[in-house]
*Asks:* 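Questions regarding the structure given below will be posed in turn.
Here, residue 1 is the first one in the sequence, and each next residue gets the next number. Any value given below was found using the heavy atoms of this structure, including those in side chains, with hydrogens, waters and symmetry copies removed.
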Amino acid sequence: MTVQLVGAEISTFTRTIRMALEYLQIAYSIQHAMPHTRLAAEYNPFGKIPTLIHDNQVINETSAIRLYIDHTFDSKLTPSDFQSLMSVTMWISIASDYVFQDLNLGLCKKRYALEAKGNNEEEIQLALQPSIDHARKVLRNLDAVFEKTSKGFVVGGSLTWADLFLFPIFADLCALPERRLVQFEAPKLFAWFEKMEKLGIAQNTFAGTVAAARL
C-alpha cells in the first residue's frame, strides 16, 4: 500500500516527513489538510498534522512517524552508534521545542501577523524587537551546539533526522528579513542551511512552503 501523508506543504513538520520519504525514495501521496480542520481531526483527535497512513495503520506525531519509517522502511537516517544516536535525539528535541517555539512561533508567525495587519517594516521591527533579541540568544546557543556535533551535517558527516527536523524551520526563518540574524548570530548553521537548501529533497518539497510564497 502506498504511503499516504495527511498534512500541508506549508507545515514544517509535514515537510520533515516529506523530505524523509523523498530521501528514502518511498512512494507517497498527500491528502491536503491544515491543522484543526475536519480532515486533520478525522485522523488525529487533536487536529494536528502530519499523520502517516500505511497498511491500515494510522500514525500520529512526527516523532512516532519517524520511528515507523525507521522500522518499516529504512533506518539510514538514524545513526547506529549510540553517541550519534543520542545527538540526533537531542537535536530532534531542540528543533521540536526551542527552535519551533522561539523562532517559528515566537518570531516568524508574529511577523506574519504584523504584515497581515498592514504594518510597515519600521513598525514591524519595533514590535518584534523583544522576539528578535531572544532569537539572537537562541541562535548563538544553537550555533555553539552545532559546532560540537557537526561534521558537515547537524550530527556527523551524513544526513540524519536531525537535519530534517531543523531545516524546515530555518527555511521559513531565512525567507524573512530576519535571515540576516541567522547569518550574523549562527554563521555555522547558516552555512549548513545554504548547503541543505540545494539538496534535491529540499527542492522537491519547496512548493507550497512559506519560503515559496514569499518569492
*Asks:* Hey, mind stepping through Glu42 and Arg38 against salt bridge (charged side-chain N to carboxylate O under 4.0 Å, His left out) and telling me if it holds?
*Replies:* CA-CA 6 Å; Glu42 181 180 333; Arg38 182 176 297 179; over 6 Å; no

*Asks:* Under a 3.5 Å distance rule, please check whether Glu185 uses its side chain to pair with a backbone N or O of Val182 as donor and acceptor.
*Replies:*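 Judged by distance alone, no pair lies under 3.5 Å.
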
*Asks:* Any chance you could measure Tyr43, atom OH, to Ile59, atom CD1, to the nearest 0.5 Å?
*Replies:*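 If we round to the nearest 0.5 Å, Tyr43:OH and Ile59:CD1 are 12.0 Å apart.
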
*Asks:* Do the side chain of Thr37 and the main chain of Ala33 share a donor and acceptor less than 3.5 angstrom apart?
*Replies:*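 Checked: no pair found.
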
*Asks:* Hey, quick one: are Leu67 and Leu24 part of the same hydrophobic cluster, counting side-chain heavy atoms closer than 4.5 Å, chains of contacts allowed?
*Replies:* no

*Asks:* Could you tell me which residues satisfy side chain to side chain contact (heavy atoms under 4.5 Å, CB included) with His36, sequence neighbours excluded, listed by chain and number?
*Replies:*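 In terms of side chain to side chain contact (heavy atoms under 4.5 Å, CB included), with neighbours along the sequence ignored, His36 is linked to Lys48.
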
*Asks:* Quick one: side chain to side chain contact (heavy atoms under 4.5 Å, CB included) partners of Asp81, sequence neighbours excluded?
*Replies:* Pro79, Gln83, Ser84

*Asks:* Salt bridge or not between Arg214 and Glu115? Use side-chain N to carboxylate O under 4.0 Å.
*Replies:*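 Glu115 and Arg214: salt-bridged.
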
*Asks:* Side chains of Leu166 and Trp161: does their closest heavy-atom pair fall under 4.5 Å?
*Replies:* no

*Asks:* Are any non-hydrogen side-chain atoms of Cys174 and Phe190 less than 4.5 angstrom apart?
*Replies:* yes

*Asks:* Side chain of Ser96, backbone of Ile92: donor and acceptor closer than 3.5 Å?
*Replies:*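 Such a contact is found between Ser96 side chain and Ile92 backbone.
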
*Asks:* Given the rule in the side-chain contact (heavy atoms from CB on, under 4.5 Å) test, do His32 and Val6 qualify, once you have shown the distances and angles that lead to the verdict?
*Replies:* CA-CA 6 Å; His32 182 80; Val6 180; over 6 Å; no

*Asks:* Do NZ/NE/NH1/NH2 and the carboxylate oxygens of Glu178 and Arg111 come within less than 4.0 Å?
*Replies:*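 Looking at Arg111 together with Glu178, the answer is yes, because their closest N to O distance falls below 4.0 Å.
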
*Asks:* When you group the ILVMFWY residues by side-chain heavy-atom contacts below 4.5 Å and let the links chain together, are Phe170 and Met90 in the same group?
*Replies:* yes

*Asks:* Please check: side-chain N/O of Asn204 versus main-chain N/O of Gly200, any donor-acceptor pairing under 3.5 Å?
*Replies:* yes

*Asks:* Do the non-hydrogen side-chain atoms of Val99 and Asn104 ever get within less than 4.5 Å of each other?
*Replies:*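 No, too far: nothing below the 4.5 Å cut-off.
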
*Asks:* How close do Leu173 and Cys108 get, heavy atom to heavy atom, and via which atoms?
*Replies:*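 Shortest heavy-atom separation between Leu173 and Cys108 comes out as CA-SG, 3.7 Å.
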
*Asks:* Nearest 0.5 Å, please: how far is OH in Tyr98 from CG in Leu103?
*Replies:* 13.0 Å

*Asks:* I'd like to know if the side chain of Asn60 and the backbone of Thr51 have a donor-acceptor N/O pair within less than 3.5 Å.
*Replies:* no

*Asks:* Hey, could you give me the CD1/NE2 distance between Ile65 and His54, rounded to the nearest 0.5 Å?
*Replies:* 13.0 Å

*Asks:* Could you tell me whether the side chain of Thr209 and the main chain of Ala212 form a donor-acceptor pair under 3.5 Å?
*Replies:* yes

*Asks:* Tell me, do Met34 and Leu39 make a side-chain contact under 4.5 Å, heavy atoms counted?
*Replies:* no

*Asks:* If you count every heavy atom of other residues, nucleotides or ligands that lies below 6.0 Å from Gln25 atom CD, does the total exceed 12?
*Replies:*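 Atom CD in Gln25 is not crowded, with 12 or fewer foreign heavy atoms closer than 6.0 Å.
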
*Asks:* If Ile, Leu, Val, Met, Phe, Trp and Tyr residues are connected whenever their side-chain heavy atoms lie under 4.5 Å apart, and connections chain through other members, are Phe206 and Leu199 in the same group?
*Replies:* no

*Asks:* Return yes if some donor-acceptor pair links the side-chain N/O of Thr16 with the main-chain N/O of Leu164 below 3.5 Å, else return no.
*Replies:*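 Side chain of Thr16 to backbone of Leu164: a pair is present.
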
*Asks:* Might you point out which heavy atoms bring Lys195 and Gly152 nearest each other, and give the distance in Å?
*Replies:* NZ-O, 2.7 Å

*Asks:* In the structure I gave you, are the side-chain heavy atoms of Val3 and Tyr68 within less than 4.5 Å of one another anywhere?
*Replies:* no

*Asks:* Carefully, step by step, assess Trp192 and Ser150 under the rule side chain to side chain donor-acceptor pair (under 3.5 Å).
*Replies:* CA-CA 9 Å; Trp192 160 83; Ser150 174; over 6 Å; no

*Asks:* Determine whether Phe153 and Leu189 fall in the same hydrophobic cluster, where Ile, Leu, Val, Met, Phe, Trp and Tyr are linked whenever their side-chain heavy atoms lie under 4.5 Å apart.
*Replies:* yes

*Asks:* Closest heavy-atom contact between Ala27 and Thr2?
*Replies:* O-CG2, 3.6 Å

*Asks:* Looking at Phe193, I'd like to know if the NZ or CZ of Lys188 sits under 6.0 Å from its six-membered ring centre while staying within 45 degrees of the ring's axis.
*Replies:*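 Verdict for Phe193: no cation-pi partner in Lys188.
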
*Asks:* Would you give the length of the straight line joining atom CD1 of Ile124 to atom CD of Glu122, rounded to the nearest 0.5 angstrom?
*Replies:*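 These two atoms lie 11.0 Å from each other.
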
*Asks:* Could you measure the distance from the CG atom of Asp74 to the CD1 atom of Ile26? Nearest 0.5 Å is fine.
*Replies:*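 Nearest 0.5 Å value for the CG-CD1 distance: 7.0 Å.
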
*Asks:* Please check this pair: side chain of Gln203 against backbone of Lys198, looking for a donor-acceptor N/O pair closer than 3.5 Å.
*Replies:*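 Yes.
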
*Asks:* Is there a donor-acceptor contact under 3.5 Å from the side chain of Ser131 to the main chain of Gly106?
*Replies:*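 Yes, because the side chain of Ser131 sits within donor-acceptor range (under 3.5 Å) of the backbone of Gly106.
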
*Asks:* Should Asn44 and Ile49 count as side-chain neighbours, where that means a heavy-atom distance under 4.5 Å?
*Replies:* no

*Asks:* Looking only at non-hydrogen atoms, find the nearest pair between Val154 and Asp163 and report the distance.
*Replies:*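 The pair with the smallest heavy-atom distance is N-OD1, 2.9 Å.
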
*Asks:* So which atom in Arg15 and which in Ala171 form the shortest heavy-atom distance, rounded to 0.1 Å?
*Replies:* NH1-CB, 3.6 Å

*Asks:* When you measure from the side chain of Thr205 to the backbone N and O of Ile201, does any donor-acceptor pair fall under 3.5 Å?
*Replies:*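 Yes; at least one donor-acceptor contact below 3.5 Å.
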
*Asks:* In the structure I gave you, are the side-chain heavy atoms of Leu52 and Tyr28 within less than 4.5 Å of one another anywhere?
*Replies:*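 No. Closest side-chain heavy atoms not under 4.5 Å.
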
*Asks:* Do the side chains of Leu128 and Ile169 join up, straight or via other hydrophobic residues, at under 4.5 Å, putting them in one cluster?
*Replies:*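 Yes, one cluster joins them.
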
*Asks:* Drop me the distance from Met19's CE to Thr14's OG1, to the nearest 0.5 angstrom.
*Replies:* 13.0 Å

*Asks:* Is Gln101 atom CD crowded by more than 12 heavy atoms from other residues, nucleotides or ligands, each under 6.0 Å away?
*Replies:* yes

*Asks:* Would you kindly check if the NZ (Lys) or CZ (Arg) of Lys76 is within the cone defined by 45 degrees around the ring axis of Tyr23 and under 6.0 Å from the six-membered ring centre?
*Replies:* yes

*Asks:* For Leu21 and Leu5, which heavy atoms make the closest approach, and how far apart are they?
*Replies:*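 Of all heavy-atom pairs spanning Leu21 and Leu5, the closest is CD1-CD2, 4.5 Å.
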
*Asks:* Report yes if the side chains of Thr62 and Phe165 come closer than 4.5 Å at any heavy-atom pair, otherwise no.
*Replies:*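 Yes, close enough: below the 4.5 Å cut-off.
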
